Amino acid sequence: MSLVAGVDSSTQSCKVVIRDAATGALVRSGRASHPDGTEVDPEQWWDALHAALADAGGLADVAALSIAAQQHGMVALDGDGEVIRPALLWNDTRSAPAAADLVAEVGATEYARRTGVVPVASFTATKLRWLRDAEPANALRVAAVALPHDWLTWRLLGYGPAGRSPLGPDLSALTTDRSDASGTGYWSPVTGDYDLELFERALGHAAVLPRVLGPGATAGTTVHLPARSNGEFGDTPASVARHAASGQETPPQAHTARADVPAGIVVGVGAGDNAGAALGLGASDGDVIVSIGTSGTVFAVTDHPATDASGTVAGFADASGLFLPLVATLNAARVLDAVRGLLGVDHDELGRLSLDAEPGAGGLVLQPYFEGERTPNLPDATATLFGLTLAGATRPNLARAAVEGLLCGLGDGLDAVRAQGVAVTRILLIGGAAQNPAVRTIAAQLFENPVIVPAPGEYVADGAAVQAAWALADHRPDWPLSIAAQPAQDFQPVIRAQYAAHRVTG
């Protein structure tokens, strides 16, 4: 039995799944935490990766591994392979003015045509422009720019700063995949090439960019990386200086557990997190994934690229050779958290209350922009409750309005994806909130297409495991998807009609 490992290096933690390459059966798993914040020293990801691998029982019997990770994060390297400053993550919004500057210079329509996206603060290009403007000395030192999964893969292959890596700082050995490259703002999913003019417009000069490998490709094989004692990760003078620059006097305490990485493990191409999830779910043309976590995402696997000059739909590439148009919302599961708190109930009781109300919640509509909104782009908006009457002012109606409002926001995202010519055959509902029976039931009343709820799982890490098996066997595995629920279709047009009547778009 050949085993493969998939890694999800997310914003909050590093998760590892080890699966049977032939059947996809889960053999074991592990995880380790990441530090909080919107900028992080990448050495902390490296530390957490080793700890998560150790927690998963190590790699001694693993034949291949691949890494999926949070998209967009800016890892700036100097000529010696040292990280210049803490990586700015996707959720670091200090680059919003830089995004506006880039759009003003190039034009939204032209940006969408050339890269499939219109820059917002999350994309790497905007962070490079911020670096050029805010830290020009650091910007001038940049010899290469990588994304989180690119950098981790590079380190796993034995590259890195001189004296702390077996193969040294060979920047030309950096690799990435098309899904992560498509989130930078300087790579085209249509041509498959970097747009170097846009890159240099952002940073101010040329630099090494990772080679973009195709689906199922192999980035290389590991060299032997021995387990290290506590304190040997992230405690170099350069790391201490980076932490001091970010307000930390010393690096955070490293994880104590370490995994020995054997030589000769095949390393897959890796992916961005959403593309990894699509691969882990086995999504194909016609599938739309609706993910309800802290934020909400709607993304589809389709055979043609998306180009949306409004910026609502990001025209990403996927990890299978197709495309991944994506819409993100800021307000998702926390909408339910807020209303649950108002009603003084837990999530189970919130769900039961919502199903005690009729579809449409007695005319009550919650527009759930509690923290502003990204789709539509209303960063200063607040939540609004419409249609409140004496007869309708009930706990069940408020509970149901919360669920309906959350799902209507995602329904608007689905409409935007459809407007890009995406055909929808079924909806895969994932994320923590998807495990609530009321959310499932109401989703089947709000969406016109069949709703499938996969069993809870680490689908980003699973997608990376699929890549590892693909690289090992030279063909994409077809692992079964475990289904938790398939709620009966019960389309109730009143839900979205009411929401649309009160929608604020600008």
Side-chain angles (χ1 to χ4, degrees), residues 286-293 296-300 327 329 331-340 343 345 347-368 375 383-389 391-418 422-455 483-503:
D287 286 338
V288 173
I289 297 154
V290 176
S291 177
I292 312 176
T297 51
V298 179
F299 51 102
V327 172
T329 66
N331 297 278
R334 286 180 294 182
V335 174
L336 306 184
D337 291 337
V339 175
R340 176 197 64 76
L343 293 174
V345 297
H347 282 284
D348 290 341
E349 181 61 18
L350 180 75
R352 285 190 289 269
L353 280 171
S354 69
L355 294 179
D356 286 341
E358 294 296 319
L364 202 60
V365 174
L366 175 63
Q367 185 173 265
T375 306
T384 308
L385 197 61
F386 299 96
L388 191 60
T389 65
T394 68
R395 288 161 59 83
N397 281 339
L398 180 56
R400 184 169 186 114
V403 180
E404 290 183 349
L406 158 63
L407 291 171
C408 281
L410 295 167
D412 287 350
L414 179 59
D415 289 345
V417 169
R418 275 203 183 97
V422 175
V424 182
T425 57
R426 65 174 184 168
I427 292 167
L428 300 174
L429 191 67
I430 64 172
Q435 305 312 310
N436 190 310
V439 173
R440 300 172 180 177
T441 298
I442 296 173
Q445 296 174 335
L446 186 139
F447 296 118
E448 296 181 61
N449 301 97
V451 174
I452 308 295
V453 184
I483 304 299
Q486 187 168 352
Q489 283 189 266
D490 182 25
F491 181 55
Q492 300 286 336
V494 64
I495 300 173
R496 295 204 63 200
Q498 283 188 164
Y499 189 85
H502 296 288
R503 183 185 296 118

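Since this is a predicted model, take the numbers as computed values, not measurements.
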Intermediate values then yes/no, side-chain contact (heavy atoms from CB on, under 4.5 Å), V339 and V403: CA-CA 9 Å; V339 175; V403 180; over 6 Å; no

Closest approach of V417 to A300 (non-hydrogen atoms, all atoms of both residues): CG1-CB, 4.0 Å

Flag side-chain contact, heavy atom, 4.5 Å: F386 against Q367: yes

L410 side, atom CG; I292 side, atom CD1 - distance, nearest 0.5 Å: 5.5 Å

N436: side chain to side chain contact (heavy atoms under 4.5 Å, CB included) partners, not counting sequence neighbours: H347, A438, V439

Side chains of residues 350-362: which donor-acceptor pairs under 3.5 Å do they make with residues two or more places apart or in other chains?
unit_1	atom_1	unit_2	atom_2	d
R352	NE	E349	OE1	3.0
R352	NH2	E349	OE1	3.1
S354	OG	G351	O	2.7

CA sep, side-chain torsions, deciding dist, call: R440, Q486, side-chain hydrogen bond (donor to acceptor under 3.5 Å, both in side chains): CA-CA 8 Å; R440 300 172 180 177; Q486 187 168 352; over 6 Å; no

Intermediate values then yes/no, side-chain contact (heavy atoms from CB on, under 4.5 Å), L407 and R496: CA-CA 9 Å; L407 291 171; R496 295 204 63 200; over 6 Å; no

Point-to-point distance, once rounded to the nearest 0.5 Å, from CG of D490 to OG1 of T441: 9.0 Å

Closest non-hydrogen atom pair, T329 against G409: CG2-O, 4.2 Å

Test side chain to side chain contact (heavy atoms under 4.5 Å, CB included) applied to S291 - qualifying residues, sequence neighbours left out: T297, I430

Test log, rule side-chain contact (heavy atoms from CB on, under 4.5 Å), inputs T375 and V298: CA-CA 11 Å; T375 306; V298 179; over 6 Å; no

Closest contact, heavy atoms only, L343 versus A399: CD1-CB, 4.0 Å

Exercise: identify the closest heavy-atom pair between Q435 and G431: NE2-O, 3.7 Å

Could you go through residues 446-453 and list every donor-acceptor pair under 3.5 Å that involves a side-chain atom there, pairing it with any protein atom two or more places apart or in another chain?
unit_1	atom_1	unit_2	atom_2	d
N449	OD1	R418	NH2	2.4
N449	ND2	V424	O	3.1

Closest non-hydrogen atom pair, G296 against A332: N-CB, 3.5 Å

Residues that D287 engages under salt bridge (Lys or Arg N to Asp or Glu O under 4.0 Å), provided they are two or more places apart: R426

Shortest non-hydrogen separation from L364 to G392 and the atoms involved: CD2-O, 4.4 Å

Partners meeting salt bridge (Lys or Arg N to Asp or Glu O under 4.0 Å) with R340 (sequence neighbours left out): none

Pairwise side-chain contact, E404 with L366, heavy-atom cut-off 4.5 Å (strictly under): no

